[in-house]
Colleague: 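First the structure, then my questions, so here it is.
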Amino acid sequence: MLKKILILGATGKVGEAICNSLKSRTNHQILILSSTYEKSFLPNVEILNIDITNKKLLKKVIFEFEPHIIINAAAYTNVDGCEDHKQEAMAMNADFPEILAKASKSFSSKLIHFSTDYIFDGKEGPYSEDDVPNPISFYGKSKLAGENLIRSHTDNFLILRTNIVYGPSNYGKGDFIRWIISNLEQNNPINIITGQSGNPTFSSDIAECVLRFIEKDSRGVYNVAGSDLLNRYEIASKIANLLEYDTSLIKPISPEELVQKAKRPEKGGLTNIKTLREIDFAPYSLAENILKL
């Protein structure tokens with residue numbers, strides 16, 4: 001069955017990858033909503049330039065389009081910025097998903113929403129979908145609030161938790177992996193902490209998972225994370241070895257030496273057992289994806 005799919009946050013890494021996959025592999029009708037861009041990089045895909053935080057206008061668009069699926073890849077992701085801009089973080093990461101959840105309930109649409117391992121405290125990662133959240137940063141708190149608000153307004157939801165997302169971007173969006181590569185390419189020394197473990201996750205793998213979840217009409221909470229569990233220094237070292245850069249450019253520093261406004265989970269990361277069981281697929285390793293950038 002062909003579906004109408006409304007996508008928010010389509011100019012970010014995850015949203016762009018999902019749009020590319022939907023366009024190239026399905027005939028679903030796609031409508032992109034963006035507060036920033038007026039033109040889509042995908043041919044024959046409509047992008048509507050509106051203020052997505054305008055509740056009245058957003059509801060009007062949803063009412064007129066009547067989507068079968070709403071995909072929300074929009075978020076306030078500046079972890080340190082969330083500490084200084086709590087109101088903005090809560091508006092985008094909690095209030096906005098709540099609006100979408102209420103709208104999806106009204107139109108019997110499925111809401112697909114993205115969350116993070118930062119909803120956990122990082123004491124005993126990697127985490128499964130059943131582990132109890134305990135965020136230690138305002139970013140994590142706002143994302144957990146978004147999850148809870150979605151649950152309270154609709155049963156037809158799919159929350160996908162991921163982390164350390166990387167991948168190509170036509171919209172000039174950077175990421176931690178590409179930052180490492182860019183510096184090593186230019187022979188720039190970089191200081192990388194020996195903590196904060198997580199899963200480098202390729203955006204195209206996330207898109208593959210989304211397409212399979214849509215096909216199965218899956219509901220609930222699922223982790224979508226790369227198969228590697230590495231700390232930040234291990235990530236940089238692996239990239240240098242895989243791409244044959246000078247590893248001596250990477251200086252390890254302790255988490256205490258890196259001054260960051262927001263606390264990060266020290267032992268974060270996510271497990272993919274439930275996802276693999278549901279859709280027979282889970283994101284690949286950094287080594288398997290790095291050459292695709």
Side-chain angles (χ1 to χ4, degrees), residues 13-14 75 77-80 82-83 114-144 147 159-167 174-181 183-184 190-203 205-206 209 221-243 245 247 249-276 282-290 293:
K13 299 275 182 176
V14 173
T77 58
N78 184 328
V79 179
D80 289 331
C82 286
E83 300 295 324
F114 293 90
S115 193
T116 170
D117 67 336
Y118 275 42
I119 65 168
F120 299 106
D121 57 24
K123 294 180 179 179
E124 298 181 11
Y127 293 93
S128 76
E129 292 85 350
D130 296 326
D131 285 319
V132 179
N134 182 33
I136 56 175
S137 67
F138 196 81
Y139 169 67
K141 292 175 182 177
S142 67
K143 292 297 288 183
L144 179 59
E147 286 194 18
I159 294 173
L160 304 179
R161 295 171 180 161
T162 189
N163 62 2
I164 317 182
V165 176
Y166 67 100
D175 57 62
F176 179 61
I177 306 302
R178 293 177 72 86
W179 176 81
I180 292 171
I181 293 173
N183 278 282
L184 295 179
I190 52 176
N191 296 330
I192 305 290
I193 59 170
T194 55
Q196 296 182 18
S197 60
N199 315 85
T201 310
F202 196 51
S203 56
D205 286 351
I206 298 174
C209 289
V221 179
Y222 290 86
N223 292 339
V224 176
S227 62
D228 295 309
L229 182 65
L230 306 166
N231 66 38
R232 294 315 198 259
Y233 178 75
E234 289 170 336
I235 291 172
S237 298
K238 175 161 279 195
I239 290 172
N241 286 318
L242 289 169
L243 300 181
Y245 293 129
T247 57
L249 293 168
I250 307 169
K251 179 187 175 183
I253 60 173
S254 69
E256 292 74 25
E257 292 178 82
L258 182 64
V259 179
Q260 294 177 302
K261 182 177 289 289
K263 292 181 179 179
R264 269 75 165 173
E266 182 61 22
K267 295 180 181 178
L270 301 164
T271 62
N272 281 314
I273 297 172
K274 182 181 176 183
T275 294
L276 189 59
Y284 294 112
S285 69
L286 185 60
E288 290 168 301
N289 282 323
I290 197 72
L293 288 175

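Quantities reported herein were computed from a predicted structural model and do not represent experimental measurements.
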Colleague: Got Ile193 and Ser254 here, is their nearest side-chain heavy-atom distance under 4.5 Å?
Modeller: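 Side chain of Ile193 against side chain of Ser254, heavy atoms only: no contact under 4.5 Å found.
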
Colleague: Does Asp80 use its side chain to pair, donor to acceptor, with the backbone of Ala262 at less than 3.5 Å?
Modeller: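 Checked: pair present.
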
Colleague: Are any side-chain N or O atoms of Asn272 and backbone N or O atoms of Ala282, one a donor and one an acceptor, separated by less than 3.5 Å?
Modeller: no

Colleague: Under a 3.5 Å distance rule, please check whether Lys13 uses its side chain to pair with a backbone N or O of Gly167 as donor and acceptor.
Modeller: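 Judged by distance alone, yes, a pair lies under 3.5 Å.
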
Colleague: Roughly how far, to the nearest 0.5 Å, is the CD atom of Glu234 from the CD1 atom of Ile192?
Modeller: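 Result: 12.5 Å between the selected atoms.
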
Colleague: Glu83 side chain to Phe138 main-chain N or O, any donor-acceptor pair under 3.5 Å?
Modeller: yes

Colleague: Take a 6.0 Å sphere around CD1 of Ile273 and say whether it holds more than 12 heavy atoms from other residues, nucleotides or ligands.
Modeller: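 Result for CD1/Ile273: open.
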
Colleague: Is there side-chain contact between Leu293 and Ile181, with at least one heavy-atom pair below 4.5 Å?
Modeller: yes

Colleague: Could you check whether any side-chain heavy atom of Leu184 comes within less than 4.5 Å of a side-chain heavy atom of Ile250, counting everything from C-beta outward?
Modeller: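 Counting from C-beta outward, Leu184 and Ile250 do come under 4.5 Å.
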
Colleague: Side chains of Arg232 and Ile164, heavy atoms from C-beta outward: is any pair under 4.5 Å?
Modeller: yes

Colleague: Measure the spacing between CD1 of Ile180 and CD1 of Ile190 and express it to the nearest 0.5 Å.
Modeller: 5.5 Å

Colleague: Other residues, nucleotides and ligands only: do more than 12 of their heavy atoms fall within 6.0 Å of NZ on Lys274?
Modeller: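 For Lys274, atom NZ is crowded (more than 12 foreign heavy atoms under 6.0 Å).
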
Colleague: Can a donor-acceptor pair be found, under 3.5 Å and without considering hydrogens, that links the side chain of Thr201 to the backbone of Gly226?
Modeller: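 Yes, the answer is positive, given that a donor and an acceptor are paired below the 3.5 Å cut-off.
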
Colleague: Any sub-3.5 Å donor-acceptor pair from Asp228's side-chain atoms to Ser285's backbone N or O?
Modeller: no

Colleague: Compare all side-chain heavy atoms of Ile290 with those of Ile239 and state whether any distance is below 4.5 angstrom.
Modeller: yes

Colleague: Answer yes or no: does atom CD of Glu124 have more than 12 heavy-atom neighbours from other residues, nucleotides or ligands under 6.0 Å?
Modeller: no

Colleague: Tell me whether the rings of Phe202 and Tyr166 are parallel (<30°), tilted (30 to 60°) or perpendicular (>60°).
Modeller: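 It falls in the tilted class, 30° to 60°.
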
Colleague: Is Asn183 close to Leu249 at the side-chain level, that is, under 4.5 Å between some pair of heavy atoms?
Modeller: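 Sidechains of Asn183 and Leu249: no contact.
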
Colleague: Under a 4.5 Å cut-off applied to non-hydrogen side-chain atoms, are Asp121 and Tyr127 in contact?
Modeller: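 Side-chain contact under 4.5 Å: yes.
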
Colleague: Ignoring hydrogens and angles, tell me if any N or O in the side chain of Asp131 forms a donor-acceptor pair with the backbone of Ser128 under 3.5 Å.
Modeller: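 At least one qualifying donor-acceptor pair exists.
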
Colleague: When you compare the side chain of Pro265 with that of Tyr118, does any pair of heavy atoms fall below 4.5 Å?
Modeller: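 Result yes, sub-4.5 Å side-chain heavy-atom pair found.
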
